[in-house]
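Right, one structure below, let's go through it.
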Amino acid sequence: MFNFKQKTKDPPDYDSKLTSFLHIIKNYSVLAENFLDSLTYFTRVFDAAYASVYFYENKTNTFLLRKWVGHEPSRYSISGDYEFMKFIKGRKGPVHRHEFFIKTTNEMRQPALFYFQQTLSNVVCPIFEGDEWLGLLNLQIDEAHKENNAVLFDSLVEIYADSLKRWLLCQRLLQEKKRLSELSHIKDQLLSNVTHELQTPLNGILGITDALLDSEEEVLSHESKQHIGRIKKSGKELSQTVNNMLKLVQIEAKKDKVCKEKINILALIKEVALLYSDACVGNKTKIVIPTSEEEIFVFVNADQIRTVLMNLVGNAVKFTSEGQISLHLKKSGEKLHISILDTGIGIEDEKLNIIFEEFYQADGSQTRLYGGTGLGLAIAKKIVTLHNGRIWVESQKGEGACFTFTLPMYPV
Ligand code: ADP
């Protein structure tokens with residue numbers, strides 16, 4: 001792949017070394033899975049006979065051999081308990097074997113020299129992030145060659161160690177991402193099973209309460225019917241929560257089967273506003289819908305976008321005891337911005353992002369004033385994202401809130 005000069009007795013040409021080094025750095029992305037293969041090429045640039053990389057395992061406080069070039073080192077794992085490891089870390093850059101003769105005590109020197117012997121190296125560069133060990137880069141180099149330009153050599157080793165660090169951190173993030181998506185899948189599976197199991201008995205309970213409420217006065221007293229009415233109300237709330245949980249997992253599960261069509265957004269907004277106008281307590285809150293001469297079409301799944309509008313308008317109604325809820329439309333390129341503005345209780349600055357997470361409520365206390373499950377916005381976000389849109393909120397505590405989401409316009 002690269003055409004490098006093999007190790008020779010001639011004095012090294014530093015310009016060409018630098019060029020080769022930059023060439024490799026440019027060609028190996030720290031995001032690439034095979035980044036460690038670059039060790040072979042760097043070994044040549046450094047005129048090293050052997051090289052090895054050990055990665056740190058926190059659980060066991062040991063460095064484990066991950067990659068080598070040349071002879072295989074005789075140690076697969078090295079304990080992090082040695083004092084000389086602290087010395088290496090403290091130096092932050094490449095440490096040369098001869099430094100242990102000058103700068104350390106006998107107790108530290110012996111195990112350190114043993115380390116160099118076993119890793120077939122005479123230079124070691126620590127790899128770490130903050131205070132945390134990540135690994136070790138070992139090289140066996142020709143000291144005579146290196147002496148001609150020690151500063152350049154050390155800098156290149158340090159830069160390479162830094163690339164190894166970034167590669168390792170990227171790998172960890174990728175693994176974490178994989179783990180989280182597996183966990184998320186398990187959570188969805190669990191939610192789906194639990195909600196299915198809850199739905200059947202709940203429907204039974206609600207059916208029985210309806211039958212009891214319809215019964216004659218001689219069979220059930222007025223007081224008993226009032227109690228049953230309360231059972232029905234709680235049952236319906238529970239049923240709504242169960243439905244929301246189910247909706248949340250179904251959106252994800254059926255995301256590839258969503259059918260989109262040309263929808264008149266104004267008609268959909270009117271429909272939702274009408275549904276909620278009765279809920280505006282004592283007519284103290286007014287819902288104002290956009291007035292537009294021209295029809296505006298979006299390319300969406302009508303049922304899903306109705307859910308988004310219902311969740312956002314529903315929240316605006318719930319959190320606004322008096323004032324106005326207004327809906328606004330704004331075209332921006334190929335997207336339509338839909339905003340729901342209210343004059344309600346508003347949201348604290350630090351909660352503006354987190355409220356879109358599942359089960360999160362700005363007031364999570366047991367004594368909170370408003371009902372709900374903290375799922376409405378998570379559902380809205382999932383649906384909007386599935387439509388390649390964005391959703392966000394602007395608000396200040398006590399100053400109302402403005403939720404905006406974007407949808408793809410139907411191409412004209
Ligand atoms: P729910 O309303 O069922 O609790 P949501 O996911 O719809 O769940 O909302 C999460 C939280 O965001 C709410 O509990 C509330 O604290 C906050 N919130 C949402 N909409 C508004 C709004 N219009 N005004 C003030 N707070 C809001």
Side-chain angles (χ1 to χ4, degrees), residues 184 187-188 191 194-195 198 202 233-252 269 272-273 275-277 279-281 284-290 303-329 337-387 389-406:
S184 171
K187 180 209 70 188
D188 284 354
L191 264 182
V194 170
T195 44
L198 281 173
L202 249 178
K233 187 168 172 276
S234 301
K236 275 198 155 162
E237 278 168 13
L238 194 55
S239 166
Q240 201 178 351
T241 306
V242 170
N243 280 338
N244 273 340
M245 294 204 294
L246 205 56
K247 215 178 262 174
L248 197 69
V249 278
Q250 279 174 347
I251 295 166
E252 193 61 34
I269 287 176
V272 173
L275 275 173
Y276 277 102
S277 32
C280 294
V281 203
K284 280 189 183 164
T285 312
K286 209 165 64 169
I287 302 184
V288 184
I289 57 170
D303 284 342
Q304 289 196 335
I305 299 306
R306 187 182 293 108
T307 302
V308 175
L309 284 167
M310 285 183 56
N311 290 358
L312 296 180
V313 176
N315 276 346
V317 170
K318 181 162 70 175
F319 295 107
T320 310
S321 56
E322 202 172 338
Q324 182 170 296
I325 294 154
S326 51
L327 287 99
H328 304 266
L329 299 178
H337 289 227
I338 303 167
S339 300
I340 295 99
L341 188 75
D342 68 53
T343 54
I345 62 167
I347 303 158
E348 288 158 57
D349 213 26
E350 64 270 21
K351 303 203 167 142
L352 291 179
N353 282 325
I354 205 155
I355 53 170
F356 289 95
E357 287 183 15
E358 291 163 26
F359 300 106
Y360 192 87
Q361 297 181 308
D363 179 5
S365 67
Q366 295 287 320
T367 53
R368 66 172 186 266
L369 283 173
Y370 305 93
T373 50
L375 285 174
L377 292 180
I379 291 173
K381 187 175 176 180
K382 260 204 170 132
I383 294 175
V384 171
T385 310
L386 272 184
H387 285 80
R390 290 189 306 124
I391 182 166
W392 67 95
V393 58
E394 291 152 284
S395 178
Q396 270 180 23
K397 187 104 191 111
E399 303 277 318
C402 178
F403 283 83
T404 304
F405 64 101
T406 64

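Each ligand, and each atom within it, is numbered from 1 in the order the structure gives. Being a predicted model, the structure only gives us computed values, none of them experimental.
Some N or O of G374 is nearer than 3.5 Å to an N or O of ligand 1, by distance alone. In terms of polar-atom proximity, L377 is counted as a contact of ligand 1, with an N or O under 3.5 Å from an N or O of the ligand. When only interatomic distances are considered, the shortest N/O to N/O separation between G376 and ligand 1 falls below 3.5 Å.
A donor-acceptor pair under 3.5 Å links the side-chain atoms of T343 to the main chain of Q324, judged by distance alone. Without hydrogens or angle criteria, S239 side chain to G235 main chain gives no donor-acceptor distance under 3.5 Å. For the pair D342 (side chain) and A316 (backbone), a donor-acceptor distance under 3.5 Å is absent. Distance alone, capped at 3.5 Å, places no donor-acceptor pair between the S395 side chain and the G346 backbone.
Using a non-hydrogen distance threshold of 4.0 Å, G344 does not register as a contact of ligand 1. Residue contacts with ligand 1: K318 is included, with a non-hydrogen atom under 4.0 Å away. In this structure, N311 has no heavy atom closer than 4.0 Å to ligand 1. Contact annotation: F403 has at least one heavy atom less than 4.0 Å from an atom of ligand 1.
Residues S339 and H337 bring no donor and acceptor atom of their side chains to less than 3.5 Å of each other.
For the salt bridge (Lys or Arg N to Asp or Glu O under 4.0 Å) test, no residue two or more places apart in sequence or in another chain qualifies with E357.
Against a heavy-atom cut-off of under 4.0 Å, G346 is close to the following atoms of ligand 1: 25 (C). Heavy-atom proximity to L375, at under 4.0 Å, picks out these atoms of ligand 1: 6 (O), 8 (O). Ligand-side atoms of ligand 1 in range of I347: 25 (C), 26 (N), 27 (C), range being under 4.0 angstrom from any heavy atom.
When each of I287, L312, T285 is checked for a side chain to side chain contact (heavy atoms under 4.5 Å, CB included) with V317, only I287 meets the rule.
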